[in-house]
Amino acid sequence: MLIAGAGGHAQEIKDELERQNPSLLFEFFDDADYKDNSPLKSYPLIQDLSSLSFRFQYNPSFALGVGRPEYREKFINNFEANEGKYFPVHSETAQISNSAEACSMPWPFHLWVQIQKLEKPF
């Protein structure tokens, strides 16, 4: 599974995916300054968009490991332009706060339906 980002949020996404499917193999994409002290430095790292088309030929799935909305949009647009298929990650224990305000994004229902249709997305 390719995870966009290689920082703390990417580590959390990897941990959740690994909990759901311990046999997954991980790769990370980070086109920014990659930190040598990253806890993810032992995993394969892709650092340029030109490598994505080849990578997505054998496994198009990717998850987002960044939290900032502008980066999330950038990664989704660039990865889908290279034939990637976004795989949203949701913890089975996640809860939506009662104080959360509605936003224009059609979350969570359409993504929940998408996940339910996937028998084995990995």
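Because only heavy atoms are used, hydrogens play no part in the values below, and waters and symmetry mates are left out as well, while side chains stay in.
- The salt bridge (charged side-chain N to carboxylate O under 4.0 Å, His left out) analysis of residues 43-63, with sequence neighbours excluded, yields the pairs Glu27-Arg55.
- Within the 4.5 Å cutoff, no side-chain heavy atoms of Leu40 are placed close to those of Phe26.
- Pairs engaging residues 72-86 under the salt bridge (charged side-chain N to carboxylate O under 4.0 Å, His left out) rule: Asp31-Lys74 [sequence neighbours left out].
- For Gly5 against Ala10, the heavy-atom pair with the smallest separation is O-CB, 3.5 Å.
- Between the CG atom in Asn78 and the CG atom in Leu49 there is a gap of 5.0 Å [rounded to 0.5 Å].
- Distance CD1/Ile13 to CD/Gln11: 10.5 Å, rounded to 0.5 Å.
- Taken from CD1 in Ile3 to NE2 in His9, the straight-line distance is 9.5 Å, to the nearest 0.5 Å.
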Task: Working for side chain to side chain contact (heavy atoms under 4.5 Å, CB included), residues Ile76 and Phe62 - done: CA-CA 9 Å; Ile76 286 177; Phe62 72 91; 4.3 Å; yes
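- Atom CZ of residue Phe29 and atom CG of residue Leu52 lie 5.0 Å apart, to the nearest 0.5 angstrom.
- We find the CG-CG distance between Asn59 and Leu25 to be 9.5 Å, quoted to the nearest 0.5 Å.
- Partners of Ser91 by side-chain contact (heavy atoms from CB on, under 4.5 Å), not counting sequence neighbours, listed by chain and number: Glu16, Arg19, Thr93, Ala94.
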TODO: Apply the test ring-ring contact (aromatic ring centres under 6.0 Å, His included) to residues Tyr86 and Phe79: give CA-CA distance (whole Å), side-chain angles for both, the deciding distance (0.1 Å), then the verdict.
DONE: CA-CA 8 Å; Tyr86 175 53; Phe79 285 20; 9.9 Å; no
- [ ] In sequence, state the C-alpha distance, the side-chain angles, and the governing distance for Leu2 and Phe56, and then conclude on side chain to side chain contact (heavy atoms under 4.5 Å, CB included).
- [x] CA-CA 9 Å; Leu2 178 67; Phe56 287 144; 3.8 Å; yes
